[in-house]
Amino acid sequence: MSKGLPKRSENYSEWYNELVKRADLAENSAVRGCMVIKPYGYSIWEKMQRALDDMFKETGHTNAYFPLFVPKSLFEAEEKNAEGFAKECAVVTHYRLKSDPNNPGKLIVDPEAKLEEELIVRPTSEAIIWNTYKNWVQSHRDLPILINQWANVVRWEMRTRMFLRTAEFLWQEGHTAHATEKEAMDETKQMLDVYATFVEEWMSLPVIKGFKSANERFAGAEETLCIEAMMQDGKALQAGTSHFLGQNFAKAFDVKFQNKEGKLEHVWGTSWGVSTRLMGALIMAHSDDLGLVLPPKLAPFQVVIIPIPNKELEPDAFKIALKPVIDKLKSFGISVKYDDNENYKPGWKFAEYELKGVPIRMAIGMRDLQAGQIEVARRDTLTKETRPLEGVASYVRDLLDEIQSAIYQKAFKFRQENMFKIDTWAEFEAQIEKGGFLLCHWDGSSETEEKIKDLTKATIRCIPLDAVLEEGKCILTGNPSTKRVVFARAY
RNA sequence: CGGGGUGUAGCGUAGCCCGGUAUCGCGUCUGCUUUGGGAGCAGAAGGUCGUCAGUUCGAAUCUGGCCACCCCGACCA
């Protein structure tokens, strides 16, 4: 392992790419745009999954699984949805290979094994799911349907980046069906809140909740709600979306129910998802030039203990002295790695665990051992202090909580310092180059948004739910506006 | 998909212009000494030079196709 990462200040995207690889989160694979998520990275994803899944269950959802493939005729049923995703679909056309008669040992696609109907590898599952719901819903008593699925999807992106945009990615997609518009809208908002809570409390990352503008809305949705987070380079990252689908999919797939009055109605739908992109957010939001900084709640292990060997000591001296501490930590539910591998020197381990973002490192040498103490170092602040072994476990437990909130506070402060109320176009153009979220008035038209995007690469990240009503003039056109929206360059 | 760049041992690289037995560092293996911030010494292993084709007596080097990755655009519900 060579020393040192690229500096964030010098090349942010190179820093990100290197960090993903060096911290053992993921690597590129033999397949274009598809990554291998390595064990250390996957452990973080599993912790995210666990927390989210618990939250979905608490809000009444259950998991199910639908097919990877969507017959083309189903895929095209909801026109806007189909059109929105058409350009990035992988399509299965054949079901068999055979030996190449002209090239021994090689295979060719058997031209006689052409599918009657092409299968689309799901870029999202609304089509196959709503087609299924059609058979599940007859009466208002069959509603609501509250289902989530953990799955992989494929979107054939032109340009990919590990975690942020890969051709295949892992996600969850919730798909719900309701009897009333209000119930569906409440569900849409509820799941946005679940996402916001998760990202803020588990990932220690503050988000802005809001509506997407029409330009940025999910294809096939009536309304898209989202949470937007700020990365350390001042760019925005969409961390999750929750869509109010209206009756669009119910109409496209003919999903009707008989209401209490005996009348037939189309059901109301929602869908919502977060993906492995959250990993990208986690990495970019907190990490520094030494490596990852992980919030304790998502770290694969929260504490690493490094004994510093000394020939004058009994080989098991550290293990014996530390056993009560480790047992105590484990009894608090804290995950601990005791690293007494003698192939690496302490300095190497310090650097390695900093790279991997382990929240707390404890180191103990002969001097400490004799004094009955241990060094406790925080990854987030890089500060160290020496604590008595007695009571150190509960100190560490509290410190983990403190780190969890300190990381949040740091990210929150950064975001506050990089959000600007902008009222003139000149200021807008100047500030967008420096990054950050620009709170501006906007006249509400797609044309204006498009023009601003062409001029500055900035898009409307969201129209905040808590936007204050105030008189103002559109940043570009000067037309009247009633509230500020968030403009930023985005991942 | 357009413009630019890169591809040589597990990783990072020199060599390429000007064709002739492949360089260095990290890592790995063995041994000894070490261990409080990426250890030292000694020895060793490890290569279809991205891939396919062409030119040539001879190709990492020249030519062309393809593939992958990186940067800048376009694209990204």
Mind checking [X] for me? I need base, sugar-phosphate or nothing, with any heavy atom below 4.0 Å counting as a touch.
X	answer
A:Glu83	nothing
A:Arg277	nothing
A:Gly273	nothing
A:Ala219	sugar-phosphate
A:Glu354	base
A:Lys311	sugar-phosphate
A:Ser13	sugar-phosphate

- Message: Taking the nucleotide of RNA chain B with the nearest heavy atom to each, does A:Pro346 or A:Lys349 sit closer to the 5' end?
- Response: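 Of the two residues, A:Pro346 wins.
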- Query: A:Arg165 or A:Val31: which one's nearest nucleotide on RNA chain B is closer to the 5' end?
  - Reply: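 Mapping each residue to its closest nucleotide by heavy atoms, the 5'-most match is A:Val31.
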Of the listed nucleotides ([options]), which one gets closest to any side-chain atom of [X]?
X	options	value
A:Glu88	B:C76, B:U35, B:A74	B:C76
A:Lys345	B:A39, B:U28, B:G73	B:A39
A:Arg159	B:G36, B:G73, B:A68	B:G73
A:Glu352	B:G38, B:G37, B:U35	B:G38
A:Tyr344	B:C76, B:A68, B:U28	B:U28
A:Lys87	B:C76, B:G36, B:G73	B:C76

Round to the nearest Å and state the distance from [X] atom [atom1] to [N] atom [atom2].
X	N	atom1	atom2	answer
A:Arg161	B:C75	CZ	P	18 Å
A:Glu10	B:C71	CD	P	16 Å
A:Trp348	B:A39	CH2	P	9 Å
A:Arg361	B:G36	CZ	P	13 Å
A:Asn341	B:U28	CG	P	11 Å

Establish, with yes or no, whether the OP1 or OP2 oxygen of [N] is under 4.0 angstrom from a side-chain nitrogen or oxygen of [X].
X	N	result
A:Lys21	B:C11	no
A:Arg32	B:A68	yes
A:Asn17	B:C71	yes

- Geometric cation-pi criterion, A:Arg361 with A:Tyr353: 6.0 Å, 45°: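 No.
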- Any chance the rings of A:Phe428 and A:Phe487 have centres within less than 6.0 Å?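 Here the rings of A:Phe487 and A:Phe428 have centres that are less than 6.0 Å from each other.
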